[in-house]
There are 2 protein chains.
Amino acid sequence: MKKIVVAIGGNALNRPGELPTAEVMKVNLQSTMRYLADLVEDGYEVIITHGNGPQVGNLLVQQDIAKDAFPPFPIDVNDAMTQGSIGYLITQTLSNELNRRGVKNPVACVLTQIVVDRDDPGFQHPSKPVGPFYDEETGRKLSSEKGWSFVEDAGRGWRRVVPSPIPLDVVEIDSLRTLADAGVILVAAGGGGIPVVKTGDGIIEGVEAVIDKDRASALVASLLGANMFLILTAVDYAFLDFGKSNQKRLEKLSTTEAKTLMDAGQFAKGSMFPKIESAVAFAERTGKDAVITSLESVEEALTSGAGTRVYKG
Amino acid sequence: MKKIVVAIGGNALNRPGELPTAEVMKVNLQSTMRYLADLVEDGYEVIITHGNGPQVGNLLVQQDIAKDAFPPFPIDVNDAMTQGSIGYLITQTLSNELNRRGVKNPVACVLTQIVVDRDDPGFQHPSKPVGPFYDEETGRKLSSEKGWSFVEDAGRGWRRVVPSPIPLDVVEIDSLRTLADAGVILVAAGGGGIPVVKTGDGIIEGVEAVIDKDRASALVASLLGANMFLILTAVDYAFLDFGKSNQKRLEKLSTTEAKTLMDAGQFAKGSMFPKIESAVAFAERTGKDAVITSLESVEEALTSGAGTRVYKG
């Protein structure tokens, strides 16, 4: 039995321009889960991870709008809420799809806390975009009124950024392993996990951040001993000189080559960079391959080598 | 090893008059979890369940206030979000308390969907109070503007009510059993579970409702083969003629006696009634005892028989 961790992209839930309703997310997930059900049917032990950037950002804005009625929650509690909402929708749509095919594996979502370092420089330099896009004027206004940090995101407008520290350990790893070993298809580390810090005596405490979901997924995949780590995105391959006339797709990439290309600024910071970085982290830690590809090519990535495959070397 | 399901009351999270902040819930849970950590330390396999009435109601109001920015989620998705937020806070405070004592059991929260019947009469007669109390004028206004159903709750004001169907099955029961058997202390069926209905071919689908947490907990306790089911509330015992000068505490109560007293209108509908009913359901299904008592008396209930003990007979 091959264990694989599959990190699904934001498009699996909500595409640009769509309303962020539960109904829309459910419809999108129904098509996403057909591809992942193929993998379960092929006999893979699948652990699904997902992001929460738009959803947690929407919660933060929603709570800010309603703040005279109810005090807003800190980001860690909001991360937990998105594990609840998104985890529920994934669990339900995947188990329905498996049921339709007569595949009997149970599906479960485990709330996942992920340990980060209190001194992580990410806390000083918020970098993870969350929530809706604003025009420049609104962005500047919110920045001065709320003290929120903003970046201009890929030409689409202003977007709030929150700290994104490096994930170090997974609090619930033993429970995840127990369930995976029992044949349960898992939804875990949603939104990159709920970020917590550990004090000297092992006490854990939530912190206000959103961990990058690909980094968190690479950690989960390493700790669970996954045979392969798949990062799903909008493209079938990572590219050299992406978006230029001479762009060239990357099929096999050693961790050494990948790091050289990262240093050379080949991959967009908020987009392909953390995926390549996470693929490298997994391959280096485990000696196993990580693949970056699209949802549509995920089965082919496992059977005939589609996608950008990062190997230790 | 004795397996027990402990349903904690609303006071464990938020007491009347307190602000519903994460910080307040965390402080309350810290004292609650000391009592539950005693049970884990005594060697019990503990499964913790909890309600979500105030929290899910607050989410519904919050989303209504912010509805021009983001479309509100249906109640099932909000139930899932409260499993996330409350489950996270319980998991973290309990595992910290266990850690302080050197107790090594891991703690995990599993999102839990609970099957109800689409034709349950509960859908026609909303009865579960959720969210904040309103004065009569505001209640009437919201009722006519939003079509929400309201009841006057125990003299404290008007409160929104939502459907509360009877729980029939637990979707994630195998995963819960696997983890409990592996020594994991569980948080499950939060807020009475996420309510789903099952179509003829086994497909599940969320429905807008809030299942009573004591009823859901009795079901979880029965299905997991718990040796005892503990329902925690604000009082050490259920009482005959509660609140009257001749009130008499109930120490042992057969399921037959309990049903006679329920029929005689002895227990308040929104309060002690569902607890007695759930205790009876567990005792009848399993032949094992259910106990209604306070958090402060929970250890004594297990060791020296404190609390109202409902037995099959």
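Letters A, B, ... are given to chains in the order of the sequence lines, protein chains preceding strands, and every chain is numbered from 1. It should be emphasised that the depicted structure is a prediction, and the values quoted were computed from it without experimental measurement.
The aromatic rings of W158(B) and F150(B) lie tilted to each other, with the angle between the two planes from 30° to 60°.
In terms of heavy-atom pairs under 4.5 Å with chain B, the best-connected choice from A66(A), P106(A), A80(A) is A80(A). No other option in A108(B), C109(B), P132(B) has as many heavy-atom pairs under 4.5 Å with chain A as C109(B). Most heavy-atom pairs under 4.5 Å with chain A, from the set I204(B), L179(B), V77(B), L59(B): that is I204(B). When each of V61(A), V110(A), D76(A) is checked for heavy-atom pairs under 4.5 Å with chain B, D76(A) comes out on top.
Both cation-pi conditions hold for R159(B) and F133(B): the charged atom is under 6.0 angstrom from the six-membered ring centre and inside a 45 degree cone around its axis.
At distances below 3.5 Å, not a single donor-acceptor pair connects side-chain atoms of Q83(B) with backbone N or O atoms of G84(A). With hydrogens and angles disregarded, a donor-acceptor distance shorter than 3.5 Å links the side chain of N105(B) to the backbone of G183(B).
Both the backbone and the side chain of Q63(B) have a heavy atom closer than 4.5 Å to some heavy atom of chain A. Of the two parts of A182(B), only the side chain, counted from C-beta on, holds a non-hydrogen atom closer than 4.5 Å to a non-hydrogen atom of chain A. Only the side chain of Q113(B) comes within contact range of chain A, with at least one heavy atom under 4.5 Å from a heavy atom of that chain. For Q92(B), the parts lying under 4.5 angstrom from a heavy atom of chain A are both the backbone and the side chain. Contact annotation for D201(B): only backbone heavy atoms (N, CA, C, O) come within less than 4.5 Å of a heavy atom of chain A. Looking at I194(B), the atoms closer than 4.5 Å to chain A (heavy atoms on both sides) all sit in the side chain, from C-beta outward. Only the side chain of E172(A) comes within contact range of chain B, with at least one heavy atom under 4.5 Å from a heavy atom of that chain. Residue V107(B) touches chain A through its backbone alone, counting heavy-atom pairs closer than 4.5 Å. For a residue to count as touching a neighbouring chain, one of its non-hydrogen atoms must lie under 4.5 Å from one of that chain's; by this rule N78(B) does not touch chain A. With a 4.5 Å cut-off on non-hydrogen atoms, S95(B) touches chain A through its side chain but not through its backbone. Neither the backbone nor the side chain of P72(B) has a heavy atom closer than 4.5 Å to any heavy atom of chain A.
Put simply, the side chain of M33(B) does not reach to within 4.5 Å of the side chain of L89(B), judged on heavy atoms. Between F123(B) and V116(B) the shortest side-chain heavy-atom distance falls below 4.5 Å. In this structure, the side chains of L36(B) and I185(B) stay at 4.5 Å or more apart for every pair of heavy atoms.
A salt bridge links K3(A) with D181(A): the distance from a Lys NZ or Arg NE/NH1/NH2 to an Asp or Glu carboxylate oxygen falls below 4.0 Å.
In this structure, E137(A) places its CD atom where only 12 or fewer heavy-atom neighbours from other residues, nucleotides or ligands lie under 6.0 Å away.
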